[in-house]
Amino acid sequence: MLTMVVELEDKPGQLIKVLEPISKLGGNIISVTHRRDEITPLGRIPVRIAVQIDEKKIDQLIREIESRGICIRSYNRVKHTVTTSLLLIGHIIHTDLRSTVDAVDKTGFAEVVEMRIVMPELNKPSTSFIKLSAVNEEKLRESVRILKEVCSAKGIKVIEPL
Amino acid sequence: MKIAIIGFGSVGRGVAEVLIEKRENLKRYLGNYKVVAVTDSKGGVFDEKGLNLREVLEMKRRGSLPKQTTSIEVVRELDFDVCIEVTPTNVEDGEPGLTHIKECLKRGIDVVTSNKGPLAVAFKELMKLAEKNNARLMFEATVGGAMPVIKLAKVDLAGNEIVSVKGILNGTCNYILSRMEKELLPYEMILEEAKELGIAETDPTYDVDGIDAGAKLVIIANAIMEIDAKFEDVERVGIADLTPEAFKVALENGYTIRLIAEATRDYLRVSPRLIPLNHPLAIYGTLNALEIETDLAGEVFVIGRGAGSRETASAIISDLICLSKSLRCL
């Protein structure tokens, strides 16, 4: 697993410069998040990208992206060896989905790697199947606790795994 | 052995029926036993020479028992060796069962109970009282019905430390959740079906809010894990908010949802959990199951019928036999 934050100029054709090399090297893009509210003084937009990729290809990928003139602000290889699945039931979208996901992602030791949302009807509670990854069991439990706390404040019910 | 049956609802009648039906077999363990008192919430009958249980059952079938005696009078004053306390559960204050059990123990009379209330409310106090008066309190029937839990842990797994338990302790919830999984129908619809089948009570709160499972979990934690826990210590989430979509999404990812009661050294919790479809706890219908994690034996798994009058009688009879001198188990 690799997560990186790249700074992209706010014009068309920038993101593809990052995604192309990932795809070429057989990486699987888990998430792409534009952080428009954190725009840099030079007007660049930080974009956070999480990729599942063969460990051995990471250095090559970084070189390829940089060779295209993209500024990689930071990246880390997270050995997210443990994952768990949870079910969320409630008004997931209308309670600021991003802040729910961010609560886990910004810990640095865990992140949301998969999320599927099913909405039966407008105004009815939706259901989400969510996968968390973390560096170890203890951190995984910690990230579940954080997620539960955020969800509890938003009235979202969390169904934990066994 | 002189027996008093306090409480004559479906469990009390189930025990009486088994005591009649299996007399020849049970005599081998219990000797020439007789039931000298049977009471219900309104009255009761007593005969020191032994009641004719068939007649008592017939009286109850036709209405209520004669008002020859009362539960309180029996436990305080009359002469008998073992009390079978099977009045309904009340997790608020444990009454009236708590008083019945205390009065018997004070007099040095052994008690066998299926009543969760007194044990969930005052486990430690009752055990101390029993010890002080050289009496024994047996309660296999309070958890998991016919499924062996207490004696399994205390006798067969003696010497093991019970590290954690997790399982399904409420058949009504398991029925509702396994039907929701199969039919992908709303909770309310399946609950109605369960009521019509007599699986859920008219007021299902006790089951669907996890109160029943919570009380059982408290008893298990106290009895086999030596955790000094009370009912209020259980973190409790019920099943009423679960949706068909939740099951659909879970199934697509290889999971189902069951109400799981879990006790560890750190917490006691009853809540709906995601269970892998191939996990032994992904059981169907009204069954109960428990996974016991131990330090020596590893994991031990039991599954069985958690409710029903004959099933509960099974646990009560096994406790009764344990109390008799013929089987030295506890």
Side-chain angles (χ1 to χ4, degrees), chain A residues 28 30 52 82-95 97 100-101 104 112-134 137-162, chain B residues 164-168 173 177 180-181 184-188 208-210 235-264 266-267 269-283 289-291 293 299 301:
Chain A
N28 176 29
I30 305 293
Q52 250 170 359
V82 286
T83 61
T84 191
S85 305
L86 302 102
L87 212 58
L88 311 186
I89 304 174
H91 296 284
I92 299 162
I93 313 273
H94 303 302
T95 53
L97 174 63
T100 310
V101 173
V104 174
V112 175
V113 292
E114 200 181 315
M115 191 164 197
R116 255 205 79 210
I117 302 179
V118 178
M119 289 168 282
E121 282 166 57
L122 213 62
N123 298 326
K124 282 259 178 82
S126 32
T127 303
S128 169
F129 188 85
I130 176 168
K131 255 189 197 159
L132 299 186
S133 269
E137 287 287 345
E138 193 200 329
K139 294 293 184 194
L140 188 64
R141 275 197 297 276
E142 173 72 6
S143 64
V144 169
R145 193 190 59 70
I146 292 168
L147 183 70
K148 273 175 79 179
E149 222 172 76
V150 174
C151 286
S152 155
K154 296 179 175 188
I156 298 171
K157 189 164 177 160
V158 179
I159 298 179
E160 287 181 67
L162 202 57
Chain B
S164 72
V165 295
K166 49 177 173 261
I168 290 163
C173 287
L177 297 181
M180 283 180 78
E181 175 200 317
L184 296 178
L185 285 171
Y187 166 78
E188 292 76 17
V208 302
D209 283 359
E235 187 191 322
R236 209 155 38 77
V237 181
I239 63 167
D241 299 337
L242 295 176
T243 56
E245 291 77 27
F247 277 93
K248 199 161 169 272
V249 174
L251 285 168
E252 283 166 9
N253 290 281
Y255 292 89
T256 184
I257 304 168
R258 293 290 184 269
L259 186 72
I260 301 295
E262 182 182 19
T264 71
D266 303 321
Y267 59 86
R269 184 158 61 152
V270 175
S271 60
R273 305 277 283 271
L274 279 179
I275 314 283
L277 282 167
N278 59 3
H279 192 279
L281 283 175
I283 56 168
L290 192 70
E291 189 180 299
E293 188 193 348
E299 287 93 30
F301 194 86

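The figures here come from the full heavy-atom set of this structure, side chains too, leaving out hydrogens, waters and symmetry mates. Because the structure is predicted, anything quoted here is derived from the model rather than measured. Order of the sequence lines fixes the chain letters, A, B, ..., with proteins taken first and strands second; residue numbering starts at 1 for each chain.
When all heavy atoms are compared, the tightest approach of A/Leu87 to B/Ala250 is CD2-CB, 4.2 Å.
Of residues 138-152 of chain A, those residues with a non-hydrogen atom less than 4.5 Å from any non-hydrogen atom of chain B are, in numerical order, A/Lys148.
Of the atoms belonging to A/Leu162, heavy atoms from both backbone and side chain fall under 4.5 Å from chain B. For B/Glu252, the part lying under 4.5 angstrom from a heavy atom of chain A is the side chain only. With a threshold of 4.5 angstrom between heavy atoms, A/Ser126 does not approach chain B through any atom at all.
With sequence neighbours left out, A/Phe129 forms a ring pair (Phe, Tyr, Trp, His ring centres under 6.0 Å) with B/Tyr255. For the side-chain contact (heavy atoms from CB on, under 4.5 Å) test, residues two or more places apart in sequence or in another chain that qualify with B/Ala282 are B/Thr256, B/Ile275. The salt bridge (charged side-chain N to carboxylate O under 4.0 Å, His left out) search around B/Glu245 returns none, not counting sequence neighbours.
Comparing B/Arg269, B/Lys248, B/His279 by heavy-atom pairs within less than 4.5 Å of chain A, the highest count is held by B/Arg269.
Separation of atoms CG (B/Leu242) and CD1 (A/Ile89) is listed at 5.0 Å; rounding is to 0.5 Å. One finds the CD1 atom of B/Ile239 at 10.5 Å from the CD1 atom of A/Ile159 (value rounded to the nearest 0.5 Å). The distance from atom NZ of A/Lys157 to atom OG1 of B/Thr243, rounded to the nearest 0.5 Å, is 9.5 Å.
B/Val249 pairs in a side-chain contact (heavy atoms from CB on, under 4.5 Å) with only one of the listed residues (A/Ile130, A/Leu88, A/Thr127), which is A/Thr127.
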